[in-house]
Protein chains: 2
Amino acid sequence: MGKVTLQTIADALGVSRMTVSNAFSRPDQLSAELRERVLAAATELGYVGPDPRARALKRGTTGAVGVLLTDSLAYAFTDEVAMRFFSAIAEELTRRGLALTLLSAAETDGHVPARDVSMDGALVYSCDPKSPAVDWLLKRHLPLVYVDQTDRPGIPSVNVDDRGGARAAARHLIDLGHRRVGLLYSILGSELEVDADPQPSALAHATRERYLGWKQELGAAGAETVNIGVPIGGRDHHYRAGRALLDRPDRPTAVLCFSDVMATDVVRAAQDLGLRVPEDLSVVGFDDSPVALQLRPTLTTVRQDFTEKGRLAATLLTEALAQGAAPARARHHMLPTELVVRESTAPPPSVTAAAER
Amino acid sequence: MGKVTLQTIADALGVSRMTVSNAFSRPDQLSAELRERVLAAATELGYVGPDPRARALKRGTTGAVGVLLTDSLAYAFTDEVAMRFFSAIAEELTRRGLALTLLSAAETDGHVPARDVSMDGALVYSCDPKSPAVDWLLKRHLPLVYVDQTDRPGIPSVNVDDRGGARAAARHLIDLGHRRVGLLYSILGSELEVDADPQPSALAHATRERYLGWKQELGAAGAETVNIGVPIGGRDHHYRAGRALLDRPDRPTAVLCFSDVMATDVVRAAQDLGLRVPEDLSVVGFDDSPVALQLRPTLTTVRQDFTEKGRLAATLLTEALAQGAAPARARHHMLPTELVVRESTAPPPSVTAAAER
DNA sequence: AGATTTTTCTATATCGATATAGTACGAGCC
DNA sequence: GGCTCGTACTATATCGATATAGAAAAATCT
């Protein structure tokens, strides 16, 4: 059976192929009457419409934009914060009639999505900046938008004020009287790093900013820190990190966590040890994800607006698409963060005891 | 500035275009030495690799498969059950080097993703079977796999035993002694439908199966039901549905809910009315999503294996891709469900009272 | 009526790659 | 020497559409 193409219909009707193309893609280019006949013939012959692949080649656009994620797409789907962000992106892109292609940064026997999949542009989201996948996207000269990444000249970006938020969180603990604070941040490795002194350059962007924010504020106040690098990807790592922090003799009186999810598991670890939150241990999260409110006690955290972040990123990308190759001034956006004080933080035990005396 | 294509490199090196193509795509077709020279020249001239669009046209494959969802992609991202399923799909597809394109069923000023986006095949997931988007996919003769959809001859599918699970849930309530049960199911409309007698044909597949399973078992036992159709898309609808059910004088002693999320909101509504769960009201969910365990009391529900569902769907699709147009016997798979009894169900108050006498 | 514009349709040249068949040449075999 | 065979590379014909420019007919203007 021969394939049905524009030509098939053109031949059947004795018109030019171009006319058939126009019937589908540019209705104003032919009379309504002829267009009807063309469409009728198309239906009869079982022609669905212009082949997207051929159209993509000729027009140069595909109607889909990519989102580059970490190696593990599967893991990203379990991340509620990422999903809120995606939701906003999807909303905005759907409005513009664009589809969303998820790209894994991983290479599987020769297949490299970032290099091989056709798309009109891409969002680079929260993935290892050294990833070869990012390089491919850059080399392809695709319109890009960086999200939660270190800025790069010439590429529009959306970030949140991670450092400012982290400082506010640290300051909050200082103000409460804490002078010995645990810091739990994500690392790329697979083993817990206790008492580490992380190289900022080895951390992912958001992690680095938050870590530096904490350090900056705590350092200024002369507080001590206990650093633990927690591998991403498994909740049990969070729990173990919590235990590693709380089992020790010089246990801190408060913990700053990279995320609300991590904070949740630390609270669990604390409660399993018979520690009361916030009386014996203050815990602060990051993101203000839905779990922050579900946790008992409710979680003090740093809020960021995922929805706005997604919407802005999608808008920047569609703008970049519209401008085509001509790159306007790349704007770097920074969204605000806000400390949200809830029930999981309180003065350290010693201070409380002193006050009660 | 001229674009850099295979021809550019071929000309620069004085070899044929085909040789350059082979250097990238079929290394065994030319000597290692020449290949090196070609690749070196390519890098120097800033050639990234074969254009995915052109390759897609000629080869006929794009390296991405679609997932067709409801009108609102954004909503799907907030659905934890859908995300678990996606996670498994993504895992499996990444393993095969395929990217995942999310398709909204909505049409936006002439753009219809299901018709216009190029892909090698698609999963049709939990969307209105009457949606034009599904028709487009069918007309394109793309390899498809139906998930949580009514079976269609010739199209492989993955379903879970919704009806069996629903029957088990209903039987559980009957066995506990309940004879008056609320049924909360999803509808496509935007208004709560209280005391409705829904047309099964108007319900989405999974909804229909669950509803019919409940009815079947409750009917056989001679129990009464109070039916409420709950619009999808907003948690407040769930809560209002709960209130509509519990505020009435002839309040049922138990509720069967379409999902765990819905059950969560119903429990909240009950508690707000001063009703104790399960002493005054038994509540059963569906899916066994993570929230079922987080809820207090923990939720009696019907478990399905999202991960297996996703993995199977992805596997069926890649198999269909491999077979190309030649459609093997389309298999319809049905995954089992399992009643998980937890704390949210108990005998109705009257029975308890009688037992205490 | 003649000039000008508009409408409607067609012819041709791409878009950037890959499949297929074929050529040239050296090696192996009897 | 003549035959087959394998390796390394090339020439040509697509894949299925759309942009562009142009031709013919119809409509508008002066």
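Chain naming here is simple, since letters A, B, ... match the order of the sequence lines and numbering starts at 1 in each. Note that this is a predicted model, so its numbers are computed, not measured.
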Separation of [N] [atom2] from [X] [atom1] (nearest whole Å):
{"X": "A/Q7", "N": "D/dA13", "atom1": "CD", "atom2": "P", "answer": "17 Å"}
{"X": "B/R59", "N": "C/dG16", "atom1": "CZ", "atom2": "C1'", "answer": "13 Å"}
{"X": "B/F24", "N": "C/dG16", "atom1": "CZ", "atom2": "P", "answer": "15 Å"}
{"X": "B/L6", "N": "C/dC15", "atom1": "CG", "atom2": "P", "answer": "13 Å"}
{"X": "A/R140", "N": "C/dG16", "atom1": "CZ", "atom2": "P", "answer": "14 Å"}
{"X": "B/D116", "N": "D/dA17", "atom1": "CG", "atom2": "P", "answer": "13 Å"}
{"X": "A/Q29", "N": "C/dT7", "atom1": "CD", "atom2": "P", "answer": "10 Å"}
{"X": "B/R37", "N": "D/dA8", "atom1": "CZ", "atom2": "C1'", "answer": "13 Å"}

Among the candidates [options], find the nucleotide nearest to the side-chain atoms of [X].
{"X": "B/Y47", "options": "C/dC9, D/dG16, C/dA17", "value": "C/dA17"}
{"X": "B/S31", "options": "D/dT18, D/dC9, C/dC9", "value": "D/dC9"}
{"X": "B/D51", "options": "C/dG16, C/dC9, D/dT10", "value": "C/dG16"}
{"X": "A/M18", "options": "D/dG16, C/dA11, D/dC9", "value": "C/dA11"}

Might you work through the ring-ring contact (aromatic ring centres under 6.0 Å, His included) test for A/F306 and A/F85, ending with a clear yes or no?
-> CA-CA 5 Å; A/F306 320 120; A/F85 169 64; 8.8 Å; no
Member of A/L317, A/L123, A/T94, A/V65 meeting the side-chain contact (heavy atoms from CB on, under 4.5 Å) criterion with A/I89 =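 So the option named by the test is A/L123.
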Is the phosphate of [N] approached by [X] (side-chain N or O, under 4.0 Å from OP1 or OP2)?
{"X": "B/R26", "N": "C/dA19", "answer": "yes"}
{"X": "A/R55", "N": "D/dT18", "answer": "yes"}
{"X": "B/S25", "N": "C/dT18", "answer": "yes"}
{"X": "A/T5", "N": "D/dC15", "answer": "no"}
{"X": "B/S16", "N": "D/dC9", "answer": "no"}

On DNA chain C, check which nucleotide each of A/T19 and A/L57 is closest to and give me the residue with the more 5' one.
->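 The residue closer to the strand's 5' end, by nearest nucleotide, is A/T19.
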Ring centre gap for B/F86 and A/F86 strictly below 6.0 Å |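 Centroid separation for B/F86 and A/F86: 6.0 Å or greater.
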Whether B/T61 side chain and B/G63 backbone form a donor-acceptor pair below 3.5 Å =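 Looks like no, no N/O pair under 3.5 Å.
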Nearest-nucleotide wise, let me know which of B/N22 and B/R17 is further upstream toward the 5' end of DNA chain D.
->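 Looking at DNA chain D, the more 5' nearest nucleotide goes with B/N22.
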Would you mind telling me which residue lines up with the more 5' stretch of DNA chain D, B/K58 or B/D28, judged by nearest nucleotide?
->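 The residue mapped nearer the 5' terminus is B/D28.
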Can B/T318 and B/R96 be counted as having a side-chain donor-acceptor contact under 3.5 angstrom?
->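 Indeed, the side chains of B/T318 and B/R96 share at least one donor-acceptor pair under 3.5 Å.
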Apply side chain to side chain contact (heavy atoms under 4.5 Å, CB included) to the pair B/E91 and A/L73, showing each step before the final yes or no.
-> CA-CA 7 Å; B/E91 169 93 33; A/L73 262 184; over 6 Å; no
Which part of the nucleic acid, if any, lies within contact of A/L30, taking any heavy atom under 4.0 Å across all strands shown: a base, the sugar-phosphate backbone alone, or nothing?
->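 Sugar-phosphate, backbone atoms only, no base.
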